[in-house]
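Structure record follows, encoded as structure tokens.
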Amino acid sequence: MNVLVGLVGSDESLKTLRQTIERTREVGDDLTVAIVEKPESKRSQAEMVERTEELLAEAEIDAEIVTLEGDPGSALVDHAEQGEFDQLVIGGGTLSPMGKIQLGPITEFVLLNAPTTVKLVR
């Protein structure tokens, strides 16, 4: 399977990346990591590229890393449309006090507009 994982600079994104790397090791997926720009994130795009390279090297996984500019949701959906991806993996969603999932604006946009199957890692 050809998998695209979308990341911003959050701890949640690193969790999503770790889980996606583990799956890639288990089943041999082709992996592309897209790091979108989100200025208010905990980590910069450059820091996320560095951390992604470290995690991929530790797992001995070859993957393409791309950085995307502009609106995070739109950039990720546009990149997914340009490639031949079987699945788009994103992190997102928190639980409300009532136990229902709450989606952030990027996650919601990707879920509603992606041209391929979307896997949401919580």
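Keep in mind the model is a prediction, meaning the values are calculated, not measured.
- Grouping the Ile, Leu, Val, Met, Phe, Trp and Tyr side chains by contacts below 4.5 angstrom, directly or via other members, places Ile101 with Leu111.
- For the pair Glu54 and Arg51, the salt-bridge criterion is met [side-chain N within less than 4.0 Å of a carboxylate O].
- Side-chain N or O atoms of Thr32 include none that pairs as donor or acceptor with a backbone N or O of Glu64 at under 3.5 Å.
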Under the side chain to side chain contact (heavy atoms under 4.5 Å, CB included) criterion, do Arg23 and Lys119 qualify, and how do the steps go? CA-CA 12 Å; Arg23 176 178 160 74; Lys119 177 180 178 180; 4.2 Å; yes
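- Without hydrogens or angle criteria, Ser41 side chain to Val8 main chain gives no donor-acceptor distance under 3.5 Å.
- Follow the hydrophobic side-chain contacts under 4.5 Å out from Val66 and you reach Val110 in the same cluster.
- Note that the CZ atom of Arg25 and the OG1 atom of Thr20 stand 13.5 Å from one another [nearest 0.5 Å].
- Here Met48 sits in one hydrophobic cluster together with Met1, Val3, Val5, Leu7, Leu14, Leu17, Ile21, Leu31, Val33, Ile35, Val49, Leu55, Leu56, Ile61, Ile65, Val89, Val121; the rule is ILVMFWY side chains under 4.5 Å apart, joined directly or through other members.
- The CD atom of Gln82 sits 11.0 Å away from atom CG of Leu4, with the distance rounded to the nearest 0.5 Å.
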Do Leu103 and Leu120 pass the side chain to side chain contact (heavy atoms under 4.5 Å, CB included) test, and can you show the C-alpha distance, the side-chain angles, and the key distance before you say yes or no? CA-CA 10 Å; Leu103 303 176; Leu120 181 63; 3.9 Å; yes
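- A donor and an acceptor atom, one from each side chain of Ser10 and Ser13, are located under 3.5 Å apart.
- For CD of Glu26, the number of neighbouring non-hydrogen atoms (other residues, nucleotides, ligands) closer than 6.0 Å is greater than 12.
- Contact detail for Ala75 and Glu69: the closest heavy-atom pair is CB-O, 3.5 Å.
- With rounding to the nearest 0.5 angstrom, the CZ atom of Arg122 is 8.5 Å from the NZ atom of Lys15.
- For the pair Gln45 (side chain) and Leu68 (backbone), a donor-acceptor distance under 3.5 Å is present.
- The two atoms that bring Leu88 and Ala114 nearest to each other are CD2-CB, 4.0 Å, heavy atoms only.
- Residues Glu47 and Ser44 come closest through the heavy atom pair OE1-N, 2.7 Å.
- Asp86 contributes a side-chain N or O that, together with a main-chain N or O of Asn2, makes up a donor-acceptor pair within less than 3.5 Å.
- By the side chain to side chain contact (heavy atoms under 4.5 Å, CB included) test, Phe109 pairs with Ser74, Val77, Asn113, sequence neighbours left out.
- From Asp71, atom CG reaches atom NZ of Lys38 across 10.5 Å, with rounding to the nearest 0.5 Å.
- At least one side-chain heavy atom of Asp11 sits under 4.5 Å from a side-chain heavy atom of Arg43.
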